[in-house]
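Structure first, commentary second.
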Amino acid sequence: MRIDFKTIEAKWKSAWDQNKVYQVTHLDGKPKFYVLDMFPYPSGSGLHVGHPLGYVASDIISRYKRMSGFNVLHPMGFDAFGLPAEQYAIQSNIHPVTATESNISRYKEQLSNIGFSYDWSREVRTCDPAFYHWTQWIFLQLFSHYYDQDENKAIAISSLIARFQKSGNAGINAATGQESEFTHDDWQRMSAKEQDDVLMNYRLAFRKISYVNWCEALGTVLANDEVKDGVSERGGYPVERRAMIQWSLRVSAYAERLLNDLDSLEWTDSMKAMQSNWIGRSEGAQLDFDVVESEHSVRIFTTRPDTIYGSTFMVLAPEHPLVDLITSPELKNVVNQYKDFVKTRSERDRLAGTKQMTGAFTGAYAANPFTNEKIQIWIADYVLMDYGTGAIMAVPGDDTRDLAFAKKFKLPVIEIIERPDGGETGDRRGVMINSQSLNGLSVQEAIAKILGEIEQRKLGSRLVQYKMRDAIYSRQRYWGEPIPIVYDTSGVAYAMEETKLPLVLPDLDDFKPGGSASPLARVTEWVNTPNGMQRDTDTMPGYAGSSWYFLRYMDPWNKSRFAGKDEINYWRDVDLYIGGTEHAVGHLMYARFWHKFLYDKGLVPTAEPFRRLVNQGMIQGVIEYLFMYKEKQNGITKFVCTKLIADESEDALVRIAIPVIFVENYGSPDSHLTIEGIEKLIEWRPEYQDAIFECTQGTYHQGKFTPKGTATGSKLYTQSEIGKMGKRYHNVVDPNDVVAKYGADCFRMYEMFLGPLEQSKPWDTRNIDGVSRFLKKFWSLFHTDDDRFEITDEPATREELKILHQAIKHVRSDIERLSLNTCISHFMTATNELKKLNCQKRAVLEPIVLLIAPFAPFISEEIWELLGHQTSVHLAEYPEFNPHFLVEDVIVYPVCINGKKRTEASFDLNASQKDMESTVLGMESVQKWLEGQSIKKVVIVPGRMINIVI
RNA sequence: GCCGAAGUGGCGGAACUGGUAGACGCGCUGGACUCAAAAUCCAGUGUCUGCAAAGAUGUGCGGGUUCGAGUCCCGCCUUCGGUACCA
């Protein structure tokens with residue numbers, strides 16, 4: 001018995017295409033359901049088996065929901081702008097447009113082979129001018145709005161200008177970088193450039209000089225979430241801090257809402273935790289410390305105002321603007337030297353040089369506002385300019401970093417908390433000491449009390465701080481959306497007229513990064529506009545297009561709006577979003593921020609874009625390493641068997657990843673190369689043809705194997721690891737190959753059967769045969785031994801119906817909770833049992849076909865046709881569970897408590913009768929059994945145990 | 001350090017609100033078919049004792065709650081993910 005899946009797949013792919021089975025419109029009376037995948041970067045290496053994991057899951061849900069009476073939006077597109085696409089283009093020296101085109105067609109071909117039910121008529125590409133027109137448009141909306149904290153929403157900048165003209169900026173409560181106050185007279189007197197500078201401090205998309213993460217190797221700045229451990233996330237290149245003039249988005253204005261609204265989302269706890277850690281809310285107070293013998297004061301932020309009596313010195317960030325103003329003349333040199341030293345330390349050095357405290361004394365003193373004690377003011381790089389106020393009051397009695405600093409520079413320490421035994425610095429348990437009015441209070445009480453005093457004596461105020469910084473938005477690269485801003489000769493920024501959008505990226509031959517400026521800066525005819533203005537030459541970051549693409553799918557053809565009103569109001573938000581955790585703080589944060597902004601403008605009906613979020617795990621690959629000596633011996637490369645040289649120093653060895661297909665027993669402790677494997681290796685890498693291979697039983701050299709004794713056969717052990725699937729490990733599995741060998745249905749089911757969706761798991765082809773066998777068995781339910789389709793119209797027996805309804809019950813509830821691996825187990829169980837009963841009845845098998853259709857669309861479609869149906873199985877109704885057959889064996893655990901003594905008994909109620917009626921019988925026999933006992937309560941849950949409380 | 005998730009056979013993993021632990025698949029063992037192999041089918045398969053019936057034991061470790069714990073509580077250990085001079 002064979003299934004000709006190649007013919008079946010080709011047949012139905014074109015049938016679905018021709019009949020536009022998966023096209024949806026919003027004009028439909030049915031309830032909507034929006035299932036979204038995180039769209040991929042079309043990279044040069046194509047999809048590997050890991051990519052479709054989430055897509056298979058979302059496709060199953062889409063098909064299931066469609067069959068359950070929903071109008072389902074299930075689109076796909078490409079995140080084609082940005083660093084990866086451009087890096088690939090530079091490496092392969094092919095223009096990004098060309099490379100992107102061909103990559104996308106490869107991706108689409110691979111995706112279509114897996115039988116996804118995407119509505120391709122809605123495909124979007126972020127690099128398409130018809131798409132990025134609206135990315136630029138939203139950017140300009142951000143540019144022309146500010147965040148009003150009284151209204152708690154974004155308001156047009158024009159109304160802010162009107163208020164400035166009337167009464168200056170006093171009384172305006174906005175998210176702003178503006179520090180100084182001005183009156184309406186001041187405003188009128190400002191030059192256009194000065195007014196522009198002020199407005200930049202309010203705009204939600206704004207340009208200013210700030211310290212940014214500059215990556216020399218990539219030739220661009222990066223946002224905080226694009227930097228991991230001091231190196232770029234993409235490529236792992238070093239990143240340094242640099243002051244540059246850059247566009248940023250004022251995400252911080254939305255920090256509170258981004259944090260609070262997490263509660264309303266069906267996301268995993270870990271996902272919510274990641275976002276809330278990134279936002280990093282902390283409550284505290286800001287306080288001013290007067291600098292002794294000067295007119296200056298230092299503003300600090302602290303979450304522990306209760307420790308103020310223990311503050312024995314202050315520390316400013318080296319970049320703090322006050323440093324130059326307060327440093328005493330004789331210490332200027334030392335301070336400047338230290339500032340230079342800090343500049344030379346890259347972000348990475350700072351992280352690597354752990355706990356090594358460095359700093360310099362400014363010579364200035366401040367007065368502790370509570371004790372009036374004179375305390376020294378230092379600078380040190382453990383205080384960061386861009387968190388809080390860039391200055392702290394140091395409390396070595398309660399902060400480990402301050403304590404380390406105090407010890408190193410011999411500064412005084414005052415203990416302010418009497419801790420219980422074993423309590424360490426920073427421990428919040430204990431009572432306050434040496435703190436005047438706070439003595440004897442707990443930390444919590446002390447914080448409450450001191451905050452009251454601070455406000456009463458007008459020394460400072462309560463303040464909530466967020467770790468989250470504004471997002472740097474400029475990239476000095478070619479392959480991105482041009483920033484639609486022009487400047488006049490005095491440098492005032494203007495939004496490009498919306499009618500002139502999209503500002504299309506010029507076609508360049510040389511698109512390589514160009515120092516600190518974008519490659520676009522080299523195109524003078526593009527930079528200079530006819531009316532004497534100059535264009536901004538930076539482009540937008542990778543997350544720009546992905547921050548709103550899900551809205552475009554709702555109405556991708558719209559030419560006059562980012563998406564039509566009716567369409568947006570119909571589809572509203574994404575019901576289920578599936579994608580990887582790597583976007584936890586990047587894409588997902590920005591998309592939520594943009595969405596909230598659009599919500600403030602009344603352009604979208606919901607405050608959150610993604611109702612339910614599921615993170616699929618990674619599919620890992622087996623990596624096989626072979627060991628060779630680092631230095632060639634007499635010009636000859638020597639490979640060694642690791643198990644023979646365990647005692648040798650590992651420094652002399654290098655490991656190289658080799659294709660797993662050469663390796664015998666790959667992925668196991670016995671993974672090794674046989675002589676044939678070595679020959680394959682030499683064929684693959686001819687530079688190793690002269691290499692010496694030292695195996696367990698002899699040596700292989702130049703085509704000859706010299707045994708060490710009488711041994712036959714020999715092994716060259718390799719080392720197995722589970723890790724990423726990627727080109728560099730030679731372990732990429734192309735879904736096309738798997739589909740060609742086993743069929744698309746088998747591929748889809750196997751990906752789901754591997755394990756829970758959220759979990760990372762290694763790809764192991766050896767297990768795929770089980771799923772393949774199942775599909776054959778399933779097919780054989782409908783076919784005779786000589787492969788004739790055969791089905792009977794006999795009524796189903798009780799036993800058969802029970803199998804059916806149990807399968808329906810389990811599969812339905814498992815799909816709802818996205819436990820797709822167990823669904824497949826249930827299909828297998830049902831198939832096995834029906835096979836055993838030799839059941840070939842339509843009444844049983846037809847619903848099973850529907851049940852399995854979302855998982856195995858091709859086979860089910862084929863069988864559906866054989867069953868004599870005209871329409872697609874995917875438009876049929878998903879089978880309903882009939883609860884009549886729900887009740888299973890009833891087991892009773894009655895419990896008797898007689899004083900202190902208890903006895904227990906259990907019995908199986910009439911195990912041979914397994915449906916609703918037997919419960920009634922069961923209850924009777926329970927009651928009979930319990931006669932004479934004092935029963936308080938009997939609880940019956942269908943299909944479950946009966947609990948009897950006495 | 002802090003935050004989050006998870007530890008179950010030889011392996012991947014089931015067990016929804018506490019209720020017969022190990023579903024389903026892989027692998028392995030034995031058998032059928034075959035000249036033989038592949039494929040397919042049947043039976044068995046946590047561990048220990050036993051010919052068997054059966055018994056004991058068993059969900060990272062140590063305690064606890066409960067008639068009953070993989071599941072709940074307390075204290076540890078390990079692994080993975082995130083994050084960090086964040087004041």
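Proteins come first, then strands; the chains are lettered A, B, ... in the order of their sequence lines, and each starts at number 1.
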Not counting sequence neighbours, which residues clear salt bridge (charged side-chain N to carboxylate O under 4.0 Å, His left out) with A:Glu283? List them please.
A:Arg281

Give A:Ser813 one of three labels, base, sugar-phosphate or nothing, depending on what nucleic acid heavy atoms sit under 4.0 Å from its own.
nothing

Set of residues satisfying side-chain contact (heavy atoms from CB on, under 4.5 Å) with respect to A:Ala317, sequence neighbours excluded:
A:Glu319, A:Val383, A:Met385

Residues that A:Lys339 engages under salt bridge (charged side-chain N to carboxylate O under 4.0 Å, His left out), provided they are two or more places apart:
A:Asp324

Show me the donor-acceptor pairs within less than 3.5 Å that the side chains of residues 751-761 of chain A make with the rest of the protein, sequence neighbours left out.
| residue | atom | partner | partner atom | Å |
| --- | --- | --- | --- | --- |
| A:Glu751 | OE1 | A:Leu53 | N | 3.3 |
| A:Ser760 | OG | A:Met618 | N | 3.0 |
| A:Lys761 | NZ | A:Pro756 | O | 2.7 |
| A:Lys761 | NZ | A:Gln759 | O | 3.2 |

Reading nucleotides 6-11 of chain B 5' to 3', which nucleotides get B (base under 4.0 Å from a protein heavy atom), which S (sugar-phosphate only), which -?
------

With both pairing distances under 3.5 angstrom for Watson-Crick or G-U wobble, and | for a partner in another strand, the correct string for RNA chain B is (((((((..(((......[....)))((((((.......))))))((((....))))..(((((..]....))))))))))))....

Could you note down all residue pairs passing ring-ring contact (aromatic ring centres under 6.0 Å, His included) where residues 814-838 of chain A supplies at least one of them, sequence neighbours left out?
A:His810-A:His826, A:Phe827-A:Phe855

Please enumerate all residues that pass salt bridge (charged side-chain N to carboxylate O under 4.0 Å, His left out) together with A:Arg817, with sequence neighbours excluded.
A:Asp814

Polar atom pairs (N or O), protein with nucleotides 42-46 of chain B, under 3.5 Å:
none

Which residues share a side-chain contact (heavy atoms from CB on, under 4.5 Å) with A:Ser461, sequence neighbours left out:
A:Gln286

So, using side-chain contact (heavy atoms from CB on, under 4.5 Å) as the criterion, who are the partners of A:Glu582 when residues are at least two apart?
none

Looking at residues at least two apart in the chain, or sitting in another chain, which of them share a salt bridge (charged side-chain N to carboxylate O under 4.0 Å, His left out) with A:Asp306?
A:Arg304

Ranking B:G4, B:C85, B:C26 by distance to the side chain of A:Ala273, first place goes to B:G4

